A.B. asks: 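I have a structure I would like to understand better, so I am pasting it below and will then ask my questions one at a time.
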Amino acid sequence: MASKVNQKKQHRNIMKCLKHLADIVGHTCTPSTLPTPVVLLGNAGHANSIGASDVRELVGGSFPSSYRLYFPPNKQFSLLFTPQPVPTLVGDINLQKIKEVTLYCCYVTEHVTMETVAASLRPPGLHIHPDVVTVEQEQQMIQFFLDSAAGTTQEDLKHRKTLHYGYQFNYKTNSVDLDSPLSEGFPECVRDVMEGIRKLINIDPDQCTVNIYQPGQGIPKHVDTHSIFTQEILSLSLGSGVVMEFRHPISGTVVPVHLPARSLTVMSGESRYLWQHGITPRKQDVSEEGDVISRGIRVSLTLRQCTTEPCRCEYPSQCDSQNYGKPRFSVASDADAAKIEGEFVSDVYEEIADHFSHTRHSPWPGVVDFLNSLPSRSLVLDVGCGNGKYLGVREDVLVIGNDNSANLLSICRERGHETFACNALSLPVRGGLCDGGICIAMLHHLSTRDRRIRCLGNLASLLRPGGRCLVTVWAQEQHLDDGEVGRREFAAQDVFVDWQKKQNAAEAELFYRYYHVFREGELEDLVREVKGVEVERVTYEKANWCCVFRRT
Amino acid sequence: MKLLTHNMMKSHCKGVVNGFPLKLSSTQVELKEVEFNADFITRMLERLEWGALVDAAGQLGVADGLPEMAPSSGKEEEDEEDVLRKIHHVLLEVEITEGELECPETGRKFPIKNGIPDMRLNEDE
């Protein structure tokens, strides 16, 4: 009885793992009743907090060095590759426990190798060529660069030392100045390396950056600037291997890749133009085989070829030549403004309504306080009500919502609220009927000053004499109120902010929403352009400018 | 859409002089229970266009018991609460879930779907 239940559970688990494996290698994978050189270890993955040493201990005896373990990142299984099929292996470890977790094991029919699995997980265009320099060359070069760097000052012990040849790399602009080549050419040892790797590469490098990483140092994830460096980026690892992490900027998937000492890493295509790469600052890495390896001093040689041609890659979201895929803001007429607001506000909200609503569930205290300050039994209009999170805040106040997005209003309807659809620039409502109004995070979607004033005028018209309205908008300056050092700012006032709608685990669709972010004082200046109202107060809360005004 | 909302709304088509009230037609009406509060109804009385309310209620067959003239506040009447309850019912408890609003001047129709009137205009309107 119990074993039947186990069998079902085992079968389900194994089939699930094989499905994940199939996704990785690109072909179906099936369990084999006959022994094969590939063993699936279900529940013995990184995601189960199990490592190579745990598996080795379980297999026991003297774990042969010819057996190779592979842990696909973030998965609930691992793979054991043996040079020949081992008929007793699955029988020995199946249904055994590691750290309270039961393993479900089987042989895999298909001829899967560790190299194909590892390579399939890597970002496209990434190639690692092992042993491109000898141990002697490696030692010589390490010494040479350590000596060269010894003379330079270093501002921060946290950061790695760097040297540049050909052109100086500027970390503020992430670029080079092609008009100021460095007088020193490449050192002889670098020229020797380039001679040796000539057949492996497609570029003629003219810029070289040397990074000296002490154990514990790293480099934040980034994409090398598209416009200045063409095609491939080459990286030679000396002294110590390291695990470099590649991150897909849209799906967020992270793939760790081990770069062995003396190997040449070639980043081309997606791995150069789309995926970010970086090294986490830590002293140890976990290899693809699941072992913990300590880092030594690593000297990396990055070789690049500079160009003046703008980049025309297929990955505009990461491309400076293509403005990172963002639309350029230009409004010459009211018609232009309406177009921008249609494409980059209304249409986007219709597409993302459900997902957006999920992320907007907590009413802001500031808005709740305002609603609580209104008289009991008030009538209020929420202009740009979104998913209606403010419509039911007070049981003794009727808040009617309106929004330009039918999909968001459907959500309000499901929650029992009263709404109508319209654009805030034209409210089909008789004037002077409301005790209060709120316009939360909506005004900043209007793309001209004129239209923003018109909207404020419409809000004012809604109110009876003495009626009050709260308007909130995104601020250009972020973090003014939490004392954070190093304030962030939007680079410009008219910006497109991306929104990722995740279709499934692997893919996400990118949308851009238009915002006009407000400077200090700008919102109240606009309110002062409206007749018949006076500003009651202006506050800054959580990166938003908030203004309450009253109909006189 | 509640009749209170209908009473607040007017046409915003270009060039319209008096877009109130919007002509109402309904294919589906639902009744929804809403807690009665005399203060709220009293506060709303002076904001309503009474004639339009009576007409709209009449169209939906719920006008029985609605006074012809808006009750004036302050007047103590024996059945004042009954009247307020009736007004409450008409304003808040009758919902047009499917129907149409029409601009009285241009004839432009605005659909009511799933209880939500769609007042969005095209760029050229």
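Letters A, B, ... mirror the listed sequences (proteins, then strands); counts begin at 1. Computed from a predicted model, the values in this text were never measured in an experiment.
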A.B. asks: In terms of heavy-atom proximity below 4.5 Å to chain A, should Lys113(B) be classed as side chain, backbone, both, or neither?
C.D. replies: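 Neither; nothing under 4.5 Å.
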A.B. asks: Yes or no on side-chain contact (heavy atoms from CB on, under 4.5 Å) for His12(B) and Val429(A), after CA distance, side-chain angles and deciding distance?
C.D. replies: CA-CA 8 Å; His12(B) 55 163; Val429(A) 178; over 6 Å; no
A.B. asks: At a heavy-atom separation under 4.5 Å, does Leu121(B) approach chain A through its side chain, its backbone, both, or neither?
C.D. replies: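 The side chain, not the backbone.
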A.B. asks: I'd like to know if Arg120(B) and Asp403(A) make a salt bridge, using a cut-off of under 4.0 Å between side-chain N and carboxylate O.
C.D. replies: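 No, Arg120(B) and Asp403(A) are not salt-bridged.
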A.B. asks: For residues Gly416(A) and Lys32(B), report the shortest heavy-atom separation together with the two atoms involved.
C.D. replies: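 Looks like O-NZ, 3.1 Å.
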A.B. asks: Taking the side chain as every heavy atom from C-beta outward, state whether Leu409(A) and Asp118(B) have any atom pair closer than 4.5 Å.
C.D. replies: no
A.B. asks: One thing to verify: whether Glu46(B) and Arg464(A) come together as a salt bridge, which I'm taking to mean a side-chain N less than 4.0 angstrom from a carboxylate O.
C.D. replies: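 Yes, Arg464(A) and Glu46(B) are salt-bridged.
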A.B. asks: In the structure I gave you, are the side-chain heavy atoms of Met119(B) and Asn423(A) within less than 4.5 Å of one another anywhere?
C.D. replies: no
A.B. asks: So, do Arg43(B) and Asp435(A) sit near enough that their side-chain heavy atoms are less than 4.5 Å apart?
C.D. replies: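 They are in contact (side-chain heavy atoms under 4.5 Å apart), so the answer is yes.
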A.B. asks: Using 0.5 Å steps for rounding, measure from the CG atom of Asn114(B) to the OG1 atom of Thr419(A).
C.D. replies: 8.5 Å
A.B. asks: Can you tell which of Leu4(B), Ile41(B), Asn7(B) has the highest number of heavy-atom pairs within less than 4.5 Å of chain A?
C.D. replies: Asn7(B)
A.B. asks: Where on Ala406(A) is there a heavy atom nearer than 4.5 Å to chain B: the side chain, the backbone, both, or neither?
C.D. replies: both
A.B. asks: With distance as the sole test, does Glu418(A) use its side chain to make a donor-acceptor pair with the main-chain N or O of Thr5(B) at under 3.5 Å?
C.D. replies: no
A.B. asks: Heavy-atom cut-off 4.5 Å, strictly under: side chain, backbone, both or neither for Leu22(B) against chain A?
C.D. replies: neither
A.B. asks: Which of the residues Arg47(B), Glu95(B), Glu49(B) is involved in the greatest number of heavy-atom pairs with chain A at under 4.5 angstrom?
C.D. replies: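 Looking at each of Arg47(B), Glu95(B), Glu49(B) in turn, Arg47(B) comes out on top.
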A.B. asks: Give the member of Cys412(A), Gly431(A), Gly432(A), Ser378(A) that has the highest number of heavy-atom pairs under 4.5 Å with chain B.
C.D. replies: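 Result: the option with the highest number of such pairs is Ser378(A).
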A.B. asks: Quick one: CZ on Phe420(A) to CE on Met1(B), what's the gap to the nearest 0.5 Å?
C.D. replies: 11.0 Å
A.B. asks: Any residues in residues 56-67 of chain B near chain A, with a heavy-atom distance under 4.5 Å, and which are they?
C.D. replies: none
A.B. asks: Under 4.5 Å heavy-atom distance to chain B, tell me which part of Asn404(A) shows up: side chain, backbone, both or neither.
C.D. replies: both
A.B. asks: For each of Arg413(A), Glu395(A), Lys339(A), tally heavy-atom pairs with chain B at distances under 4.5 Å, and name the one with the top tally.
C.D. replies: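 Top count of heavy-atom pairs under 4.5 Å with chain B: Arg413(A).
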A.B. asks: Does any donor atom in the side chain of Arg377(A) or Asn37(B) lie under 3.5 Å from an acceptor atom in the other side chain?
C.D. replies: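 On atom types as modelled, these side chains qualify, holding a pair under 3.5 Å.
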A.B. asks: Just so I know, are the side chains of Pro428(A) and Lys10(B) near enough to count as touching, which here means a heavy-atom distance under 4.5 Å?
C.D. replies: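 Sidechains of Lys10(B) and Pro428(A): no contact.
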A.B. asks: Using non-hydrogen atoms only, which part of Leu48(B) is less than 4.5 Å away from chain A: side chain, backbone, both, or neither?
C.D. replies: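 Answer is backbone: N, CA, C or O of Leu48(B) sit under 4.5 Å from chain A.
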A.B. asks: Look at Phe20(B), Phe110(B), Phe40(B) and state which one has the largest set of heavy-atom pairs under 4.5 Å with chain A.
C.D. replies: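 Among Phe20(B), Phe110(B), Phe40(B), the one with the most close pairs to chain A is Phe40(B).
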